[in-house]
Each structure stands twice: as C-alpha cells, then as structure tokens.
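Sequence lines set the chain letters: A, B, ... in the order given, protein chains first and strands last, and positions in each chain run from 1. These figures come from a predicted structure and were not determined experimentally.
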Amino acid sequence: MASRLWASRAASFLKISTFHRRFSSVLKDLKYADTHEWVKADGTSATVGITDHAQDHLGDVVYVELPDVGASVTQGSSFGAVESVKATSDINSPISGKVIEVNEELSSSPGLVNARPYDSGWIIKVEMSNSGEVSSLMDSEQYSKFCEEEDAKH
Amino acid sequence: MRMRLQRSIEIWKMGTVNYLDALKLQERLVSDRKIGKIPDTLLSLQHPPTYTLGKRRTHHNLLVPEADLQTMGAELHYTERGGDITFHGPHQAILYPIISLREIGLGARKYVENLEQTMIELASLYGVQAQAGESGETGVWVRDKKIGAIGVRISSGITSHGLAFNNDPDLNYFRHIVPCGIADKGVTSLRIVTEVELPGDEVIHEQLVGCFARSFGFSTLSWKENVSILLTQNKRCE
C-alpha cells in the first residue's frame, strides 16, 4: 500500500498518469443499489451497508451519522451520512422499512466501514415493509459491471 | 475510439455574499441540479467575517465564547459540510461547485483531490509550491501552514460547499479557533508566501476558476455576472 502511494505521488510529481486499477470486492449473495449500498435480506429483515467500491472512493471514514432506532427508511432516500476527507456524503437506503438496529461500534470505530464494509462495517438493520423491493436491486454481476462502467467515465 | 465529451459549467461571479444567503442559494441549486433543471454550476464569491462549523459540530475548536464573535463583527454558522471549524472573510477566494459527481463517475476522495489540485495550481501561478495535506489532513499547505481549506457536502451525488483559498485575509481571525481542528499548524496566505505582487481579488478569483476548470476537465465556461439579482429572487420566493 505504501509503495503504491509513493508511486502515485512520484507519478503526479512527474506528471505521468498512473494506472491505478484496483478491483473492488463484490459479494455474491448480496444485492446492490446504484448508489453503492448493499443489502442482505434475511426473511423480512435486512442488513445494509456500503460497498467496497464505495468505501474506496470515499477515503478514510472518520464519522458515521446513524439514524435513530425506530426511524423509517425509504428506498432511494438518505438515512444517514459518512464523513471522509472533509466531505460528508449521504447514504441511501436500498429498501424501505423501519430501522431496528444500528451499528453502534461505528461511533468509536468509523474505520470499520473501510476495513470490513461487508461484515463488521454494516450500518443499519431494517425490518422491511416491502421485501419485494429487493428484486429491483442489482445482483453481484450486474453491480460489478455497473462499477466498471462508472469508473470508465473519467 | 472513445470521444471526450465537451463538459461545460456555468460560473456565477457573486462578489461578497452573506453566508446564510449563500447556503440557501446552494440548497436551491442542489435540488435544481439533482433534477437536471440546471447544468453544473460554480459559485465564485467571498464572505464577510464568518466562522462555520461542520456536521460534527466541533465546538471545542472555538477558543472564544460565541458572544465575543459578535463583538468582533463576525457571524457563526452551523453547516452539514464535512470538515472542522473554519473562518471565511474578505480577501479569501471561495468556490462552491454545484456539480454532479455521478455524471463524471467521481467519488468523494477524488473530488477533494481535484479541489486540492485546483488550489495547488493557483499557488504555482505565483511561484509558490504548495501541497496537499498528509493523509487525514485534507487541504493545501505551504510547508506547515495552511493556505487553502476544503469542506464539502455530497447529497445524492451533487456537491455543495467547496474550497476557500487565502489570498490575503486578516489572519488574526484565525487566532480565535483551532483552524480545521489541527492544533500545531498555522495558517498563511498568498500575500505572505509569494514574492510576486498580487493583482486584485477579481483577477485571482478568475484564475482560481480557470484552475478548477482544468482540474475537472471543464472545457466550456459560461460566466454570469450581476448575480446578486438572483439572490433577491431567491428571497422573494420564500
């Protein structure tokens, strides 16, 4: 990691563009929103977090704004925010429902979102109001392709 | 062969704008940008003496009681942007880009890096070698003094707030805060670090906009002047 950082610093000093191609990990059994959140459905409840692609593009997360337990979330709408590199970015919910649990650990260890985006960096657990919404999300293959297309834009 | 799209941006030259007015305008512009009612837009302006806090409300970095700020003729505002406490004032060039990061496939980290690059390039126009902060210290530095600050909000992929570059602000105002929450480093300005005589603020603003356009690959800039009239319309609609 350190040598890659040195290489990209050296390259920008010499004004060469580095081929910084890093493959983000995508998990097969999750579903994905085009705003880079993932959801793991388990019956009528679901766990939500942000993807590896998202955390890589955010930078080191220093703060996570969590909703209250009991708050409602709506598919496609913001439920919280993360702060990284002096930027606050909204997190959107991939599904609608009621927040039944939030990951309190993120208050003291926001970096979990970067280090373990798919497990201990989970953000909220939701009791879904319409589990059918999950089928409108992307599967792992579609999401991988979506990320490739987005990254190719610049 | 992939063709590079001609990307265009509308620049609003606004002069000195009260912080809250600028905040309300940005909120309106972000909604408009989100539904595609307006193109990518950049506000170029200055603020009267104003202290602002970010989303984390790091009050502890304000070193004087709030009441004292009023006596000094400064305002204090709370915002949803990232970053810590900072000061804005006359002779500090501010850019608030309202752009769609989703359309250009940029994440927060790359967006902020480009904002840093914008200010680094401006400094270099005056023979000053500035650099981006070490990891965790977003902003632009000349040796160990901060010359440019960044605090951004990204909502549904649309940016607001942005960057502030110290042309020649009164640095005494920074003594009342721990700037950006970093205790052992100071602030500086272009006036202090350059050997070149500075042109007027308007010239520096235009150069800063040029550096922004280059950092972000905007090839077409349309300039809008006398924008205060749009602020008045903003008020009438409420």
Side-chain angles (χ1 to χ4, degrees), chain A residues 1-2 4-6 8-9 12-13 15 17-18 20 22 24 33-37 50-66 74 76-93 107 110-111 113-114 146-154, chain B residues 2 4-5 7 30 34 54-58 79-84 86 100-117 120 129 131-140 148-164 180-182 216-217:
Chain A
M1 184 68 158
R4 177 158 36 104
L5 185 60
W6 180 90
S8 75
R9 285 246 169 99
S12 63
F13 179 72
K15 298 213 180 351
S17 63
T18 46
H20 182 93
R22 180 195 172 280
S24 300
D34 64 2
T35 45
H36 303 286
E37 292 88 8
I50 66 168
T51 65
D52 186 36
H53 181 276
Q55 70 76 21
D56 181 50
H57 282 62
L58 281 172
D60 292 342
V61 174
V62 299
Y63 174 69
V64 182
E65 184 186 62
L66 296 164
T74 309
S77 292
S78 159
F79 69 82
V82 292
E83 182 176 336
S84 63
V85 295
K86 308 264 171 104
T88 51
S89 303
D90 284 0
I91 329 171
N92 296 309
S93 184
S107 302
V113 170
N114 296 110
F146 175 76
C147 288
E148 270 175 43
E149 284 165 10
E150 240 195 24
D151 287 347
K153 277 184 194 167
H154 62 280
Chain B
R2 177 174 269 271
R4 248 271 158 90
L5 282 169
R7 281 207 276 120
V30 166
K34 191 174 162 188
K55 197 189 242 301
R56 280 178 289 142
R57 304 269 190 272
T58 47
T79 74
E80 295 296 301
R81 62 161 173 77
D84 211 290
T86 196
S100 169
L101 293 185
R102 277 189 210 161
E103 274 181 27
I104 48 180
L106 284 187
R109 185 161 57 101
K110 193 73 182 71
Y111 175 59
V112 164
E113 278 172 18
N114 286 3
L115 291 181
E116 288 173 331
Q117 205 42 52
I120 289 169
Q129 195 171 36
Q131 58 256 356
E134 302 292 298
S135 92
E137 291 188 0
T138 295
V140 174
I150 290 172
V152 166
R153 183 177 184 193
I154 302 167
S155 179
S156 303
I158 311 292
T159 63
S160 57
H161 299 274
L163 64 82
C180 310
I182 304 168
F216 284 90

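- Between A/His36 and A/His53, the angle of the ring planes stays under 30°, which puts this pair in the parallel group of the 30/60° scheme.
- Residue A/Ala81 touches chain B through its side chain alone, counting heavy-atom pairs closer than 4.5 Å.
- For A/Ser78, the side chain to side chain contact (heavy atoms under 4.5 Å, CB included) partners at least two apart in sequence or on another chain are A/Asp90, A/Asn92.
- B/Arg56 meets the side-chain hydrogen bond (donor to acceptor under 3.5 Å, both in side chains) test with A/Glu83; sequence neighbours excluded.
- Interface remark: B/Arg153 contributes backbone and side-chain atoms alike to the contact with chain A (heavy atom separation under 4.5 Å).
- Ranking B/Glu80, B/His161, B/Arg102 against chain A, the residue ahead of the rest is B/Arg102, based on heavy-atom pairs under 4.5 Å.
- Neither the backbone nor the side chain of B/Glu113 comes within less than 4.5 Å of any heavy atom in chain A.
- A/Asp60 CG: 12 or fewer foreign heavy atoms inside a 6.0 Å radius.
- Side chain to side chain, B/Ser156 and B/Lys34 meet the donor-acceptor criterion of an N or O pair below 3.5 Å.
- When each of B/Gly107, B/Gly83, B/Gly139 is checked for heavy-atom pairs under 4.5 Å with chain A, B/Gly83 comes out on top.
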